[in-house]
Colleague: 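My structure is below; once you've seen it, I'll send some questions.
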Amino acid sequence: MQSSQSKRRRVERSPSPTYQLDEDDSYVPYVSVAQRRKEKLAKLSSLASPSEKQKAKKQQEELEEREDAEKEEERRRERARKERTLLMEAQEVHSKKAAEDAKKTEVEKAAEADAEILEAIKSRRKLASDMELAKGIAYTESLTTSWRPPRYIRDRSNEQHQKVRDKYHILVDGEDIPPPIEHFADMKIPEPILQYLKSNRIITPTPIQLQGIPAAFTGRDLIGIAFTGSGKTLAFCLPLIMMALEEETKLPFIRGEGPVGVILCPSRELANQTYENVVAWCSALAKSGKYPQLNTLLCIGGISMNEQSHVMSKGLHIVVATPGRLIDMLEKKKFTFNNCKYLCMDEADRMIDLGFEDDVRNIMSFFRGQRQTLLFSATMPRKIQDFAQQSLIKPVLVNVGRAGAANLDVLQVVEYVKQEAKMVYLLECLQKTPPPVIIFSENKNEVDDIQEYLLLKGVEAVAIHGSKTQEERQYAIKSFKSGAKDVMVASGVASKGLDFNDIQHVIIFSMPKEIEDYVHQIGRTGRSGKTGIATTFVNMNTPEPTLLDLKYLLLEAGQKVPPFLSTIDDTQGGSVKGCPVCGGLGHGISNCPKREDAQRRLMASHRTADDGGGGY
Ligand SMILES: Nc1ncnc2c1ncn2[C@@H]1O[C@H](COP(=O)(O)OP(=O)(O)OP(=O)(O)O)[C@@H](O)[C@H]1O
């Protein structure tokens, strides 16, 4: 069968006269198969009888059918071959990439992820008012002030300034950095303030103060990073007091004028504490009789502004505020920022990271001209530093220790305590030191439960968290500060930045997920050069990335690492500089718990917005 078929095909494909004609010639004109079939059929038809003709026609049709089937089969095979080649190519590319990826270390992968995410962060909208952004207003020079360092310090060389910085482990970054000054008197601070500081045992500046204050006095934008309890409050309040003093001396303020500057805080308690400090320093000036009275307004939610009408009835120099109430007051035109030139944010990483960012832009839109902007915190992940740096004007970065590092004056003890054993063990833990003691929990209900349990056991305890009324919060802080109560049980947020006297022991009942919160919480003890203890309970419920961050933080601070932490396998791609998003040392950006949380929140807010729900 096969041979007769091929024979037939050979017969049919014998060269046509046209081919023979052209044999001598190199040129062979193309004759299509259909044309050849037609010609052959015509030839056969002319030779054969009608029955033979029919037979030949039938044969011809069969032949065509078979040829068509063969051609179709050939096409199918060609298609399959091509598809296989593409598939193989894709597989090859994929396996090549996998091999390359396998060659990369975890650290390299983490670095790549960091770079990608940081690049995305760079595209974040600059921290400036909408008006400035819309009009393309970009200031290029820092504000100037009349303040100068003493001549003997100005005469020193840059190497000599650097020696001072090295002595105090101060890292700086930026152009033309003002010199560090080791004595308050050389900073030309008014005598009554110096005396007041001395009476409070503040005699020599801390590292953040000796570099931060001169930089701020010269009018420079500033990012100040130093560990908890290292005196940042004085570093950002003094420059504003000096600025207000200069303005008031030039031309006294009358009702409706001012303020000169504003200090923004993330919580009411922190704003209240900063306000009390500013009032005390300004009163010291006024009481001396040599300086004018500077008026300060506390602008926070939960208090009636009528209580402060006496301040509003005079010229206003300084405002200490939380963002929400400040925006409310500015919108109601209770005062304006027409002459405001100083904006400072305490716990700044929180202010420009979670939720407050748009509020900060909104507040900036009330300024009428250039301002000096200062950002301070104990924790400032690289992501926030980069973002802040591009939003400030020729900023000076002052960094004492790694951003996010724990205060070395705190002895950190981490204990494995089963969930059900925590309450009982807490009582035992309270015996470690005399009061005052702070207990932290991440959960409001747990805060209430702990307080109730302690009260039942006869421990004088107060509680503070976001769902308490303003009166309850104020009572808790006042009675704990005065020593009337031994123990304060607090949620993390409510107590950030609070400066209580001589806290002996911080107990972290539930370990916060983010290591920055842990750093702030243990930082309530070991302040202004004193030492303290922090005991932290962890167990099965503590997420592994958090435990790793904790492990590396303990190692960095030269603390004892308990066996259950030291045995945790480190495959998370952590870095010695800290995760750019949260500062944690035990993981990379790609598995950062804070970033995951933020993404979850963002998605939830999108969902709420889609559902028509109200936003922040
Ligand atoms: N130069 C100094 N010498 C001694 N004590 C100081 C000095 N400066 C500030 N203090 C005291 O140190 C304590 C902590 O200061 P402050 O609250 O400003 O710390 P902080 O760096 O803001 O801490 P946190 O990051 O926790 O908010 C305060 O009681 C303050 O009076």
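Note: hydrogens, waters and symmetry copies are ignored here, and every other heavy atom, side chains too, is used. We number each residue from 1, following the sequence as shown.
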Colleague: Check this for me: does any side-chain nitrogen of one of D409 and K530 sit under 4.0 Å from a carboxylate oxygen of the other?
Modeller: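 No, no charged N to carboxylate O under 4.0 Å.
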
Colleague: Please confirm whether the backbone N or O of L245 pairs with a side-chain atom of E248, one donor and one acceptor, at under 3.5 Å?
Modeller: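 Side chain of E248 to backbone of L245: no pair is present.
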
Colleague: Starting at CE of M351, measure out to OG of S377 and round the result to the nearest 0.5 Å.
Modeller: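 It is 11.0 Å, given to the nearest 0.5 Å.
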
Colleague: Using a cut-off of 6.0 Å, state whether more than 12 heavy atoms not belonging to Y475 lie near its atom OH.
Modeller: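 Open: at most 12 neighbouring heavy atoms sit under 6.0 Å from OH of Y475.
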
Colleague: Among residues two or more places apart or on two chains, list those pairs meeting salt bridge (charged side-chain N to carboxylate O under 4.0 Å, His left out) that have a residue in residues 321-332.
Modeller: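 Every pair satisfying salt bridge (charged side-chain N to carboxylate O under 4.0 Å, His left out) with a residue in residues 321-332: D328-K332.
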
Colleague: Quick check: do M345 and L343 have side-chain heavy atoms less than 4.5 Å from each other?
Modeller: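 Yes, side chains in contact.
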
Colleague: Write down the atom of F227, the atom of A405, and the distance for their closest heavy-atom approach.
Modeller: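 In this case the closest contact between F227 and A405 is CB-O, 4.2 Å.
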
Colleague: Testing the 3.5 Å rule here: is there a donor-acceptor pair between the side chains of E246 and T249?
Modeller: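 Side chains of E246 and T249: no pair found under 3.5 Å.
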
Colleague: Which value, rounded to the nearest 0.5 Å, describes the distance between N272 atom CG and S267 atom OG?
Modeller: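 Answer rounded to 0.5 Å: 9.5 Å.
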
Colleague: If you look at every heavy atom in I522 and A406, which pair is closest and at what distance?
Modeller: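 Nearest heavy atoms, I522 then A406: CD1-CB, 3.9 Å.
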
Colleague: Are any non-hydrogen side-chain atoms of L264 and T322 less than 4.5 angstrom apart?
Modeller: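 No. Closest side-chain heavy atoms not under 4.5 Å.
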
Colleague: Looking only at heavy atoms, what is the nearest atom pair of F356 and P266, with distance?
Modeller: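 Closest heavy-atom pair between F356 and P266: CZ-O, 3.8 Å.
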
Colleague: Evaluate the side-chain proximity of F184 to I203: yes if any heavy-atom separation is below 4.5 Å, no if none is.
Modeller: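 They are not in side-chain contact.
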
Colleague: Would you find more than 12 non-hydrogen atoms of other residues, nucleotides or ligands less than 6.0 Å from N339 atom CG?
Modeller: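 It does not: N339 CG has 12 such atoms or fewer within range.
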
Colleague: Give a yes or no answer on whether the side chain of D517 reaches the backbone of K513 with a donor-acceptor pair at less than 3.5 Å.
Modeller: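 Checking the backbone N and O of K513 against the side chain of D517, no donor-acceptor pair under 3.5 Å is found.
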
Colleague: Closest approach of P178 and A215, non-hydrogen atoms and distance?
Modeller: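 Minimum heavy-atom contact is CG-CA, 3.7 Å.
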
Colleague: Keeping the roles fixed (side chain from E247, backbone from G258), state whether a donor-acceptor pair exists under 3.5 Å.
Modeller: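 Flag not set: sc E247 to bb G258 has no pair under 3.5 Å.
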
Colleague: Taking the side chain from E257 and the backbone from I254, do they hold a donor-acceptor pair closer than 3.5 Å?
Modeller: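 Yes, because the side chain of E257 sits within donor-acceptor range (under 3.5 Å) of the backbone of I254.
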
Colleague: Please work out whether the ring planes of F337 and F366 are parallel, tilted or perpendicular, with thresholds of 30° and 60°.
Modeller: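 Because their plane-to-plane angle is over 60°, the rings of F337 and F366 count as perpendicular.
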
Colleague: Relative to the ring of F480, is the ring of F500 parallel (under 30°), tilted (30 to 60°) or perpendicular (over 60°)?
Modeller: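 Aromatic pair F500/F480 classed perpendicular.
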
Colleague: Just checking, any donor-acceptor pair under 3.5 angstrom between side chains of N277 and T233?
Modeller: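 Not at all, the side chains of N277 and T233 share no donor-acceptor pair under 3.5 Å.
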
Colleague: How far apart are the closest heavy atoms of L553 and G404, and which atoms are they?
Modeller: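 Scanning both residues, the minimum pair turns out to be CD1-O, 3.8 Å.
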
Colleague: Do S467 and K444 get their side chains close enough for a donor-acceptor pair, meaning under 3.5 Å?
Modeller: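 Result is yes, a qualifying pair exists.
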
Colleague: Donor-acceptor pair, N399 side chain versus L171 backbone, under 3.5 Å?
Modeller: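 Not at all, since once roles are kept as given, no pair shorter than 3.5 Å links the two residues.
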
Colleague: Taking atom NZ of K394 as the centre, does the number of heavy atoms from other residues, nucleotides or ligands within less than 6.0 Å exceed 12?
Modeller: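 More than 12 heavy atoms, drawn from other residues, nucleotides or ligands, come within 6.0 Å of this atom.
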
Colleague: Using modelled atom types only, decide if a donor and an acceptor are shared between the side chain of E347 and the backbone of F376 within a distance under 3.5 Å.
Modeller: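 Judged by distance alone, no pair lies under 3.5 Å.
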
Colleague: Taking the side chain from N295 and the backbone from K314, do they hold a donor-acceptor pair closer than 3.5 Å?
Modeller: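 Between the backbone of K314 and the side chain of N295 there is no qualifying donor-acceptor contact (under 3.5 Å).
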
Colleague: Report yes or no: does S510 contribute a side-chain atom to a donor-acceptor pair with the main-chain N or O of E442 at less than 3.5 Å?
Modeller: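 Between the backbone of E442 and the side chain of S510 there is a qualifying donor-acceptor contact (under 3.5 Å).
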
Colleague: If you measure only the distance, is there a donor-acceptor pair under 3.5 Å linking the side chains of Q412 and Y518?
Modeller: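 Yes - a donor-acceptor pair under 3.5 Å links their side chains.
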
Colleague: Report the C-alpha separation of R527 and D499 in whole Å, then their side-chain angles, then the decisive distance to 0.1 Å, and conclude whether the salt bridge (Lys or Arg N to Asp or Glu O under 4.0 Å) test is met.
Modeller: CA-CA 8 Å; R527 299 176 73 79; D499 181 45; 2.7 Å; yes

Colleague: What heavy-atom pair brings R473 and E269 nearest, and what distance separates the two atoms?
Modeller: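 Minimum heavy-atom separation between R473 and E269: NE-OE2, 2.8 Å.
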
Colleague: How long is the straight-line distance from CD1 of I508 back to CZ of R524, given to the nearest 0.5 Å?
Modeller: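 Interatomic distance, R524 CZ to I508 CD1, rounded to 0.5 Å: 10.5 Å.
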
Colleague: May I ask you to say whether E514 pairs ionically with R350, meaning some side-chain N is under 4.0 Å from a carboxylate O?
Modeller: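 Yes, charged N to carboxylate O under 4.0 Å.
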
Colleague: Please determine whether the number of non-hydrogen atoms from other residues, nucleotides or ligands lying under 6.0 Å from atom NZ of K188 exceeds 12.
Modeller: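 It does: K188 NZ has more than 12 such atoms within range.
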
Colleague: Out of curiosity, D186 CG to I213 CD1, how far, rounded to the nearest 0.5 Å?
Modeller: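 It comes to 12.5 Å.
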
Colleague: Under 3.5 Å, is there a donor on one side chain and an acceptor on the other for Q211 and R165?
Modeller: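 A donor-acceptor contact under 3.5 Å links the two side chains.
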
Colleague: Pairing donors with acceptors under 3.5 angstrom, does anything connect the side chains of T228 and H520?
Modeller: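 On atom types as modelled, these side chains do not qualify, holding no pair under 3.5 Å.
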
Colleague: Let me confirm one number: the CD-OG distance from Q470 to S304, rounded to the nearest 0.5 Å.
Modeller: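 Between Q470 CD and S304 OG, I get 12.0 Å after rounding to 0.5 Å.
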
Colleague: Quick check against the 3.5 Å criterion: does K341 have a side-chain atom that pairs as donor or acceptor with the backbone of Q370?
Modeller: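 No, K341 side chain to Q370 backbone: no donor-acceptor pair under 3.5 Å.
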
Colleague: In Å, rounded to the nearest 0.5 Å, how long is the span from CZ of R268 to CD1 of I303?
Modeller: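 Reported to 0.5 Å precision, the distance equals 9.0 Å.
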
Colleague: For A216, is there any backbone N or O sitting under 3.5 Å from a side-chain donor or acceptor partner on W147?
Modeller: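 No: the side chain of W147 does not pair with the backbone of A216.
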
Colleague: If you measure only the distance, is there a donor-acceptor pair under 3.5 Å linking the side chains of T204 and E182?
Modeller: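 The criterion, which ignores hydrogens and geometry beyond distance, is not satisfied for E182 and T204.
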
